[in-house]
There are 2 protein chains.
Amino acid sequence: MIAPRGKRSYREYCAIARSLDLLGQRWTLLIVRDLFLGPQRYSDLLAGLPGIATDLLTARLRTLEADGLVRRRELPPPAHTTVYELTESGRRLGPVIRALGEVGLELLGTPAPDEPVNPGPVVMSLMLSFHGDPDLVETYGLELDGQEFGVVVDRGTVRSERGAPSDAAVTLRTDARTLVLLLRGEPIPEGALKVDGDAAAFDRFVAAFAHDGRS
Amino acid sequence: MIAPRGKRSYREYCAIARSLDLLGQRWTLLIVRDLFLGPQRYSDLLAGLPGIATDLLTARLRTLEADGLVRRRELPPPAHTTVYELTESGRRLGPVIRALGEVGLELLGTPAPDEPVNPGPVVMSLMLSFHGDPDLVETYGLELDGQEFGVVVDRGTVRSERGAPSDAAVTLRTDARTLVLLLRGEPIPEGALKVDGDAAAFDRFVAAFAHDGRS
DNA sequence: CCGCATCCGTTTCGATACTG
DNA sequence: CAGTATCGAAACGGATGCGG
């Protein structure tokens, strides 16, 4: 049992209060979100959390570490950087992230012009919005704002990971905002999207993840 | 689309960030938790949220109302009180509450002596900890600290509601803390538990919800 | 009593500057 | 790159007051 943390614990014998003692502080669940696609460096996390103060990011990482949800790992030379990653316990938060995502997905309109659109969340939302052929088995590559992702569709389930997949049927190179506009059926800037690979696979990708009038 | 709220919105185009814009403030999800078992008066909510300031409860209820998750309803005479209840949108938060509960359930040890144990959360945790006969269909009545609940087991699923059920096989009258101790297999104060009804049904209840060495 | 509103000391957060 | 240090602004906790 992890002791409820200091001053601001809810101090109630309740499963939900206990999990909020771990996760309820501002930014904590967004950090978990970013780590769900794979290990991240401090500066990558900082870039993916628009507006967080640097000391708060440090504090949250320390707390998550103390609670056993996140682990610091020093990469061996020559990389010589430290990354943060979810532990086995941390990965059990998947259903929480998914449930929050499903609630929020319906509240997302078109991104406001001044609203940051980061690659990680966009890729993650794909796992929630799949509505293609239930028998489809295919892997897609995404390069968004220079970051590479693999999206694996396997009979109705969707996995996403950081890093270029080896077996992508098609790879889309663009920025996160343009991908959102594309999937919402809105006009996209000319030349903002490059498609490498099977054009039919590209069509299947758009059909499976487009957020247009399917209601 | 609900516009991201003022100052402390995350202002990121992300499904999880959006849902946390609605739910991420302190106490908000615990209020939703308490409303999940049925409508509650202001003072009942206050009693179920140990430590919340009165103006914060009011502020959170207003925000939840503005976001369409909670509705105020004036009961007709002669009751003449106002209750808060979840709207249809609010009830869609079920998976969020459930996911958080499953995370927190494993962190709950035995309640500390100074830790409040409220009936609502205890009843709600029953929905997460059922491990009885998958074919069992039975209704149980609970009266905890004077509050009545019905727990309906129906082939592996468990529903709970406020109010005494009409068709309970057995009714347990006790306090929330004693019920927790009972289900954890710990000694309970003499005379703290009264069982009304079928003794075999009581045994099935304990077997189905006990949290003892089943790992 | 119920359903809040007001006040005030404490804690947390946001923003930015700075360092090994 | 990966954090500390600093400081004003906002949020929170606790007590108290008040009209129906």
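Because only heavy atoms are used, hydrogens play no part in the values below, and waters and symmetry mates are left out as well, while side chains stay in. This structure is a prediction, so every number in the text was calculated from the model and none was measured. The sequence lines fix the lettering, A, B, ..., with proteins before strands; numbering per chain opens at 1.
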*Asks:* Under a 3.5 Å distance rule, please check whether B/Tyr13 uses its side chain to pair with a backbone N or O of A/Gly109 as donor and acceptor.
*Replies:* yes
*Asks:* Could you tell me the separation between the CG atom of A/Leu57 and the P atom of D/dC1, rounded to a whole number of Å?
*Replies:* 14 Å
*Asks:* Write down the distance between CZ (B/Arg73) and C1' (C/dG3), rounded to a whole number of angstrom.
*Replies:* 18 Å
*Asks:* Should A/Arg173 and A/Asp196 count as an ion pair when the cut-off is N to O under 4.0 Å?
*Replies:* yes
*Asks:* Can you see if the side chain of B/Tyr84 gets near the phosphate of C/dC4 - specifically, an N or O under 4.0 Å from OP1 or OP2?
*Replies:* yes
*Asks:* Give, ordered by number, those residues of residues 29-46 of chain B having at least one heavy-atom distance below 4.0 Å to an atom of DNA chain D; if nothing qualifies, reply none.
*Replies:* none
*Asks:* Nearest 0.5 Å please: distance from the CG atom of B/Leu64 over to the CG atom of B/Leu69.
*Replies:* 5.5 Å
*Asks:* To the nearest 10 degrees, what angle separates the axes at the start and end of the helix from C/dC1-D/dG20 to C/dG20-D/dC1, five pairs each?
*Replies:* 30°
*Asks:* Can B/Glu186 and B/Thr110 be counted as having a side-chain donor-acceptor contact under 3.5 angstrom?
*Replies:* yes
*Asks:* For A/Glu12, which residues count as a side chain to side chain donor-acceptor pair (under 3.5 Å) partner, sequence neighbours excluded?
*Replies:* B/Arg33, B/Asn118
*Asks:* Under 3.5 Å, which protein N or O atoms sit close to an N or O of nucleotides 18-20 of chain D? Give each pair with its distance.
*Replies:*
none

*Asks:* Can a cation-pi geometry be assigned to A/Arg26 and B/Tyr10, taking NZ or CZ under 6.0 Å from the six-membered ring centre and within 45° of the ring axis?
*Replies:* yes
*Asks:* Would you tell me if any nitrogen or oxygen in the side chain of B/Arg62 comes within less than 4.0 Å of OP1 or OP2 on C/dC4?
*Replies:* yes
*Asks:* Considering just the side-chain nitrogens and oxygens of A/Arg11, establish if one lies under 4.0 Å of OP1 or OP2 belonging to D/dG13.
*Replies:* no
*Asks:* Is A/Arg98 salt-bridged to A/Glu102, going by a charged N under 4.0 Å from an acidic O?
*Replies:* yes
*Asks:* Could you tell me whether A/Glu74 and A/Arg41 make a salt bridge, using a distance below 4.0 angstrom between a side-chain N and a carboxylate O?
*Replies:* no
*Asks:* For the CZ atom on B/Arg62, are there more than 12 heavy atoms of other groups (residues, nucleotides or ligands in this structure) within a distance under 6.0 Å?
*Replies:* yes
*Asks:* Show your reasoning for whether side chain to side chain contact (heavy atoms under 4.5 Å, CB included) applies to A/Leu172 and A/Tyr140.
*Replies:* CA-CA 8 Å; A/Leu172 284 66; A/Tyr140 306 99; 5.6 Å; no
*Asks:* With sequence neighbours left out, write down each residue that passes side chain to side chain donor-acceptor pair (under 3.5 Å) with B/Thr178, or none if nothing qualifies.
*Replies:* B/Asp175
*Asks:* Taking the basic N atoms (NZ, or NE/NH1/NH2) and the acidic carboxylate oxygens, is any pair closer than 4.0 Å for A/Glu115 and B/Arg11?
*Replies:* no
*Asks:* Let me have a per-nucleotide readout for nucleotides 9-20 of chain C, 5' to 3', with B, S or -, counting only protein heavy atoms under 4.0 Å.
*Replies:* --SSSBBBB---
*Asks:* Taking A/Arg72 first and then A/Glu65, would you say they form a salt bridge - that is, a charged N and a carboxylate O separated by under 4.0 Å?
*Replies:* no
